[in-house]
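This report concerns only the one structure given below.
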Amino acid sequence: MISVENLTKRYAAKTAIENVSFKVNSGEILGFLGPNGAGKTTTMRIIVGYMPASEGSVRVDGFEVFDNPLDVRRRIGYLPENPPLYLEMTVTGYLRFVAKIKGVPKERLDSEVTRVMERVSVSDVKERIIGKLSKGYKQRVGLAQALINDPPVLILDEPTIGLDPKQIHEVRELIKELAGKHTVVLSTHILPEVEQTCHRVIIIDRGKIIAVDTPQNLRFQLQGVERVHMEVDGPVADVISKLKATPGVMDVHKLTESDGRCRLQIEGQLRKDIRSELARTVVQSGWGLLELQSATMSLEDIFLKLTTAEEEGKVGT
Amino acid sequence: MRNILAIIEREMRAYFSSPIAYVVLTIFVFLSGVFFRTILAQVMQMGLISQMQAQQFGPRPMDMPGMISRGFLSTMSVILLFMIPMITMGLFSEEKKRGTIELLLTAPLTDLQVVIGKFFAAGTFFLILLVSTWVPMSVLYFYGSPASGPILTAYLGLLLYGLSIIAIGVFISTLTENQIISAVLSFGVIMLLWLVDVMASQAESTSKEVLTYLSILSHLDDFTKGVLATSHIVFYLSLMLVALFLTYRSIDSLRWRG
């Protein structure tokens with residue numbers, strides 16, 4: 001549905017994104033994950049045709065965004081990071097205006113506005129002035145605006161930012177319901193959001209894509225640096241040196257030590273389960289194996305890992 | 001077309017849901033009333049003097065309604081100079097500040113439609129101001145019989161003058177996120193185009209001609225006298241088009257800079 005190729009955006013002083021390429025399949029929810037200033041908003045703004053790229057191309061439903069901007073924009077509903085609301089208007093008045101500029105035919109105007117208001121449950125405030133609404137309602141009106149004219153693609157920039165937990169939950173549920181019928185790209189710097197809502201994740205940092213995968217695979221990939229926690233009853237120095245010599249083990253850290261027992265964190269090779277090897281080593285040496293546990297990393301860890309790794313790379317070069 | 005109308009409609013609603021429209025309208029109507037009264041009194045005095053002179057030197061014809069309308073409508077050009085920046089100051093700057101510009105620039109609209117919509121929205125409000133001057137003007141028709149020709153050309157002149165100032169204001173509002181800066185800057189630029197007249201009176205030969213041509217006000221004189229000259233119409237239309245073209249380019253650059 002969306003294909004982004006070698007996208008680069010340079011400003012006078014800095015490069016916002018560099019050589020970004022990815023595809024989004026029809027009906028998929030793609031999460032765009034990265035710290036602030038990573039280039040998420042820039043990428044989205046280029047996709048929706050708000051700003052042109054310095055290099056590269058974006059195709060939405062076969063239309064190139066620079067060559068056929070109107071064809072692309074007709075297919076996209078876009079919620080910018082700050083919902084573009086006219087605060088002096090009523091909810092209905094605002095959505096009617098959006099429907100008009102999005103080319104909803106006159107006879108469908110009222111039904112379309114009613115439909116989106118029901119979809120995001122703002123019908124109860126439809127005659128209220130937008131400026132007087134709560135943050136959560138404003139966000140939903142922003143979402144309603146993106147849904148007008150039922151575009152096949154939705155681009156949502158930080159859709160849950162500034163909402164309270166209940167509202168966040170509601171918005172996420174809404175996004176999940178929208179998938180299938182719509183192709184959704186959403187950006188966030190909140191990790192559980194991606195795990196909960198997205199089919200696929202792109203991790204972006206300093207304008208470059210550093211990982212693309214499903215949340216599950218990403219977790220597995222980094223689990224490849226198999227991390228195991230153990231508690232062993234035995235002489236600490238011996239235990240550490242013996243375990244370090246075990247095949248597949250890359251590193252051993254001591255976490256705590258008391259009464260001749262120690263808690264260790266072991267890092268093994270990529271995608272290799274070293275737990276049985278570790279158990280055998282400990283038992284054969286006659287020590288007590290008190291605990292052995294695979295330390296599953298959350299996506300949050302992965303994310304931190306990825307960005308720190310990148311940073312170290314930069315320092316090195 | 002429907003897109004443009006939607007923008008104009010939204011902009012008009014915005015004018016009338018903020019105090020700006022009411023303040024501008026009130027001040028404008030009040031000032032035009034005061035000026036009309038002052039000019040009326042002046043012309044009446046001149047009438048009395050000429051009546052006394054007529055007793056000595058014989059009667060001389062005097063077009064009193066014409067003098068009043070001419071004086072009144074050229075005064076309007078001064079008041080409009082102050083009012084129009086108030087109408088145009090928020091057109092783009094407010095959209096930039098609130099981020100709603102992102103809605104307009106990602107909707108299936110061309111940039112040209114956005115620019116034209118904004119321009120006509122301010123133009124519509126300006127028309128309301130112009131129409132309001134018919135309240136004092138109707139007094140002339142009620143108590144006298146002014147020649148309608150010069151009045152019509154004067155209104156055409158004011159319309160062209162106002163629309164070209166609006167175009168400048170629209171352009172300047174794309175340059176900043178701050179309404180006040182937008183208004184002050186517009187006012188400054190228009191004032192400069194106005195003061196060119198004064199500079200022209202001090203200049204000589206060619207530079208005098210150039211400066212006189214550039215003066216936004218000198219082109220209005222002939223209209224108020226009832227003269228309809230193509231060169232003046234061309235001047236205002238080209239000023240308008242240049243300013244609108246600059247607006248269009250400014251939005252394009254806004255996109256590139258993000």
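Quick note: numbers below take in every heavy atom, side chains included, and nothing from hydrogens, waters or symmetry partners. Sequence lines set the chain letters: A, B, ... in the order given, protein chains first and strands last, and positions in each chain run from 1.
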In plain terms, say whether D111(B) and R255(B) are close enough for a salt bridge, that is, a side-chain N and a carboxylate O under 4.0 Å apart. yes
Cationic N near anionic O, under 4.0 Å, E88(A) to R10(B): yes
Considering only heavy atoms and a distance below 4.5 Å, find which of I7(B), T106(B), T110(B), L104(B) pairs most often with chain A. T106(B)
Determine, for K181(A) against D150(A), whether the closest basic-nitrogen to carboxylate-oxygen distance falls under 4.0 angstrom. yes
Contact origin within E81(A) toward chain B - heavy atom pairs under 4.5 Å: neither
Please look at V72(A) and chain B and tell me whether the side chain, the backbone, both or neither of the residue comes under 4.5 angstrom of a heavy atom of that chain. neither
Select one option (side chain, backbone, both, neither) describing which atoms of A53(A) are under 4.5 Å from chain B's heavy atoms. backbone
Between E18(A) and R206(A), does any NZ, NE, NH1 or NH2 come within less than 4.0 Å of an OD or OE carboxylate oxygen? no
Do R98(B) and Y86(A) form a cation-pi contact, if we require the NZ or CZ to be under 6.0 Å from the six-membered ring centre and within 45 degrees of the ring's axis? no
Is the closest side-chain heavy-atom distance between M89(A) and I129(A) below 4.5 Å? no
Just so I understand: if I count every heavy-atom pair under 4.5 Å between each of S17(B), A107(B), G99(B), S18(B) and chain A, which residue has the most? A107(B)
Before accepting this row, confirm whether a basic side-chain N of the pair K9(A)/E55(A) lies closer than 4.0 Å to the acidic partner's carboxylate O. no
Scan side-chain atoms only and decide if Y137(A) and Q167(A) contain a donor-acceptor pair under the 3.5 Å cut-off. no
Are T133(B) and Y155(B) linked by a side-chain donor-acceptor pair shorter than 3.5 Å? yes
Under 4.0 Å between a Lys/Arg side-chain N and an Asp/Glu carboxylate O for D71(A) and R74(A)? yes
What residues of residues 156-190 of chain B sit under 4.5 Å from chain A when you count only heavy atoms? none
Could you look at E95(B) and say if it's the side chain, the backbone, both or neither that has a heavy atom under 4.5 Å from chain A? side chain
Name the region of E9(B), side chain, backbone, both or neither, that has any atom closer than 4.5 Å to a heavy atom of chain A. side chain
Counting only non-hydrogen atoms closer than 4.5 Å, does L85(A) touch chain B with its backbone (N, CA, C, O), its side chain (CB onward), both, or neither? backbone
Pick one of side chain, backbone, both or neither for L87(A), based on which atoms fall under 4.5 Å of a heavy atom in chain B. both
